[in-house]
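Throughout, protein chains are lettered first and strands after them, A, B, ... in sequence-line order, and every chain is numbered starting at 1.
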Amino acid sequence: MEGQIHRRNISGCGLAGMMSEDGRLMGGEAIIRSMEVLHDRSNGLGGGFAAYGIYPHKADYYALHIMYDDVKAKEETDVLLDERFEIDSEEIIPTKKSEAIPKGPLLWRYFVKPKVDFEDCGLCEEDYVIEAVMTVNSMVSGAFIFSSGKNMGAFKAVGYPEDVGKFYRLDEYEGYTWIGHGRFPTNTPGWWGGAHPFTILDWAIVHNGEISSYGINKRYLEMFGYKCTMLTDTEVVAYMFDLMLRRHNLPLEVACKALAAPFWTDIDRMKAKGNAKGDIYEALRMVYGGALLNGPFAIILGHTNGMVGLSDRVKLRPLTAARKDDMLYIASEEAAIREISPELDIVWNPKAGEPVVGELKNPVKKGSNKARELEETVA
Amino acid sequence: MKRVYAKEEVCIGCRLCEVWCRTEHSRSKNIIKAHKSEFPPPVSRVLVEELMPVSFALQCRHCDEPECVESCITGALTKDESGRVVYNEEKCVGCWTCVLVCPYGAPQRDLERKKIAKCDLCPDRDTPACVEMCPNQALVYEER
Amino acid sequence: MKTYQLPEVRIERDKDRCINCGVCVRQCAFNAHKFDEDGEVYSEDEKCVACQRCVSLCPTNALYIKDNAPFVKDNANWTAETQKYIWKQAETGGVLLTGMGNPKPYPIYWDHLVLNASQVTNPSIDPLREPMELRTYLGSKPDHIEIEMVNGEPVLRTKIAPQIMLKTPILFSAMSYGAISYNACEALGRAATELGTFWNTGEGGLHRNLYKYAPNTIVQVASGRFGVHSEYLDAAAAIEIKIGQGAKPGIGGHLPGEKVGPAVSETRMIPVGSDALSPAPHHDIYSIEDLSQLIFSLKEATEYTKPISVKISAVHNVAAIASGIARAGADIIAIDGFRGGTGAAPTMIRDNVGIPIELAIAAVDARLREEGIRNRASIIAAGGFRNSGDVIKAIALGADAVYLGTAALVAMGCHVCQKCYTGKCNWGIATQNPYLEKRLNPDIAAERLYNLVRGWSHEISEMLGGMGINAIESLRGNRLHLRAVGLSREEMDVLGVQVAGSPMA
């Protein structure tokens, strides 16, 4: 891991996501099959998945998935975790040995709660968790927390995505949202942590593209205390969503318009017509210029309450969406969707910069238990 | 008709209009020959008037009611249908009457040839040489 | 006293070509060309300043100005220039005066930075076929915006501080009426208006006839307070408090009385013929809190309708100073590097004080980011920008926009002879002499300025497209698109760039 840190990895990729807006739980076989169709979009140097709703019995705990290069890294990490969290349980993440997956790091899973009581401040608690994750990832050589949300988890490795899915025995998990990714990196040997999805709290991102604005996106995030220490520009996308949605409380559609900003000619036209969105987009581009993701990308963002697909402002990477009953599908290619749902109500190619949004009909309330109780009392 | 107008606020008094007028009206049309070896030397049809810091280039105004045409004793100066005051050098006898009557002092005396010289708006060019070669666009050729 | 100074140049006249037309005689305000008694043209080398006016206007290309560097015996220390300065001062006892920017061979960091381009993994963008956005807003931005959802529709709740909008990230730098001619001001105002950018009055006030360009004018409030009145402030698009300029950090300005004719007098609000002396400091600004008071006085005076800029010269502690300025309430910080030009400066100050703008931009941008206040103020970089390559590199280092001073003058005709302070500018730019001033036709000069900035903007678009970027904000502060060639580790650290050949980190 050492020596690859601070070096960015650009890649081409395949991605797929599926979500039940009713919150129905589904096994992991479907997303694996979907990703298998996109086999040629990756080169065996990384595959991964994120699933939501998989830990209902531990839903109040942050599920930390951690890669350790060795036992020493685990020992060091455990000290840091102990200082910060009540550890409810810890275990080795179950895997199935496979020829297709090279020998990798030790894989551990912890269910934890912060030691500090944040009373009614959900934001403070989440910032605390982020700080802890960043501390471990930047301070402990050979340790990498690759998943840190509640009732969700990321699973990733070096290999083709379908093999990675089988390796992690995803058919044994049940979730209402699944996203998957296969990598075609162009410049680094595979590092397990470099595979997608990238996550922070419950945000998980899979990404196809190369972000030419990475240099400023990274420095922009650093101004808000984020440390971009990982190997792909996908990381900045995850932090960008965290910043805009969680900390700045922007509506999802608005945040997407910062990442894939409308052109000035369109904004000017809106303003001339008296469309209030013109003013919002103008303000957005002035204030969030550092957040604009410039260059080709298609992403799928998973979070507790939904899933979003988004392409860059000129759509230089493919993205297709489809709906069937309560299901929303997003993928690099329609074939990946047809594979798991041959009959569809509607299939469309979203326009450049237009987000595709899936939302749980009954959203999960976030934040600490106390915050939720407080909210309920007020309500 | 199109006439040459001076913009005195940007005339820099360099007199390049005179240089290029002489060249245009020389036999060789070569600036160095025209000025160094041609005899009789070509005479400039344009003259820069100067009283520091004011300066401007002046040439025949091609008046609507030209005094010179009225007073020319040989019919060397006529007004053609386009409105130009046309000069027929062969008919000129060098009496200088036009020089005397022109309110602008536009006709120049060609002492070697014993004839006058005056602006013909450079019939071989789209734009008169003085206008085209002015380094500061202080002359314009336009309809007003 | 017999001068020991040697002519700096030799004027060569090709007698075979010279037609004795006298254009050179009439165009030289320094009287380097003359007619002799027989009406023959001849030249006096020692008077020539090498402004090239005669060479440009000679219709037969008969003139050539040659370097007349004297032979200096075997000495790298006591160069011809060093000796010349000593002779000059031995003869006059005065301060050496000069014009324009620092000409010394300090490293030009722009020439040690190279740009990136896309290949395979990322498509480059063709600006002739695809949109390419250079629009830039200068002013203070909040660190986030607030959106409220009303009936399912987002409503903007944040009011953003006043901004000025530039169609291209290039502005014309402060050059005062007095230092430059009325026609030069007119040309700058007109070009800025046509380009959708801004020009800057310097500390010379705004001539009555130029108020028509006010929507594209940044007005300066400098230590002499010349020409400052409420209408002036109200008319402007933005107001700039001038603390210092790159050519002469730490010292004030001096417009000699000869240049103060009736129009300059009226515009600057000083008596005809009086010297206009700008003190070195503002005498109401002796510390950062005083600056804050002036910033807010100007904001109050203009009812918070326009951004306030503060211009400083790039000096050793520029990053901390800029941070203080941002915190003092400035919306824009203009930083002028040591290659920035001037109408008149003591030579020793111009050549020895201040730091290169490249390092200053990098240090200021990094510092403001470290402190989490980069959004609070825009950065305009100034000081010797020569071409679009310099501009785009400045933006990649972290500047929002760039001021052009010398380049704008050169576009209008300046040949950088450094004799602005004499008031005898043969190109009609740095003069108030009505005969010389006419030489700058504002129609031509405005067109030349427009063409220059248009050309640079096209080039910036091409380079951005090559990097796979279609909006300028994605390059701003994006130092990963820069790589260093031939710089030391320390220099690269300050610039925040990696050596060429290192991977995309």
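Contact tally against chain A (heavy-atom pairs below 4.5 Å) for Ile472(C), Thr136(C), Ile145(C): the top residue is Ile145(C). For the options Gly295(A), Ala261(A), Ala283(A), Gly225(A), heavy-atom pairs under 4.5 Å to chain C are most numerous at Ala283(A). Across Leu156(C), Ile469(C), Leu368(C), the residue that shares the most heavy-atom pairs under 4.5 angstrom with chain A is Ile469(C). In terms of non-hydrogen atom pairs under 4.5 Å with chain A, the most contact-rich of Met467(C), Arg369(C), Lys141(C) is Arg369(C).
For a residue to count as touching a neighbouring chain, one of its non-hydrogen atoms must lie under 4.5 Å from one of that chain's; by this rule Leu250(A) touches chain C with the side chain only. Neither the backbone nor the side chain of Ala396(C) has a heavy atom closer than 4.5 Å to any heavy atom of chain A. Contact annotation for Val120(C): neither backbone nor side-chain heavy atoms come within less than 4.5 Å of a heavy atom of chain A. Heavy atoms closer than 4.5 Å to chain C are found in both the backbone and the side chain of Leu284(A). With a 4.5 Å cut-off on non-hydrogen atoms, Phe263(A) touches chain C through its backbone and its side chain both.
Counting heavy atoms from C-beta on, the side chains of Thr265(A) and Pro131(C) never come closer than 4.5 Å. Between Val287(A) and Asn375(C) the shortest side-chain heavy-atom distance does not fall below 4.5 Å. Inter-residue side-chain proximity for Pro296(A) and Pro123(C) is flagged as met; some heavy-atom pair is nearer than 4.5 Å. Considering only heavy atoms from C-beta on, Asp268(A) comes within 4.5 Å of Arg135(C) through its side chain. At a threshold of 4.5 Å between non-hydrogen side-chain atoms, the residues Glu282(A) and Gln163(C) do not count as touching.
The environment of NZ in Lys361(A) is crowded: more than 12 heavy-atom neighbours from other residues, nucleotides or ligands sit within 6.0 Å. Within a 6.0 Å radius of CD in Glu146(C), no more than 12 heavy atoms belonging to other residues, nucleotides or ligands are found. When the shell of 6.0 Å around CE of Met139(A) is examined, it contains 12 or fewer heavy atoms from other residues, nucleotides or ligands. More than 12 heavy-atom neighbours from other residues, nucleotides or ligands sit within 6.0 angstrom of NZ on Lys315(A).
Expressed to the nearest 0.5 Å, how far CD1 of Ile125(C) lies from CG of Asn294(A) amounts to 6.0 Å. Between the CG atom in Asp365(C) and the CZ atom in Arg219(A) there is a gap of 4.5 Å [rounded to 0.5 Å]. From Leu293(A), atom CG reaches atom OG of Ser474(C) across 8.0 Å, with rounding to the nearest 0.5 Å. Note that NE2 of His481(C) and OG of Ser213(A) are 7.5 Å apart. Values are rounded to the nearest 0.5 Å. How far CD of Glu222(A) is from CD of Glu370(C): 10.0 Å, rounded to the nearest 0.5 Å. Atoms OG1 and CE, on Thr158(C) and Met286(A) in that order, are 12.0 Å from each other to the nearest 0.5 Å.
A side-chain contact (heavy atoms from CB on, under 4.5 Å) with Pro154(C) is found for exactly one of Lys257(A), Lys277(A), Glu253(A), namely Lys277(A).
Taking each heavy atom of Asn478(C) and Gly215(A) in turn, the nearest pair found is OD1-CA, 2.9 Å. Of all heavy-atom pairs spanning Ala471(C) and Arg313(A), the tightest one is CB-NH1, 3.6 Å. Here the shortest heavy-atom pairing between Tyr220(A) and Asp143(C) reads OH-O, 4.5 Å. Scanning both residues, Gly289(A) and Glu473(C), for their nearest heavy atoms gives O-CG, 3.6 Å.
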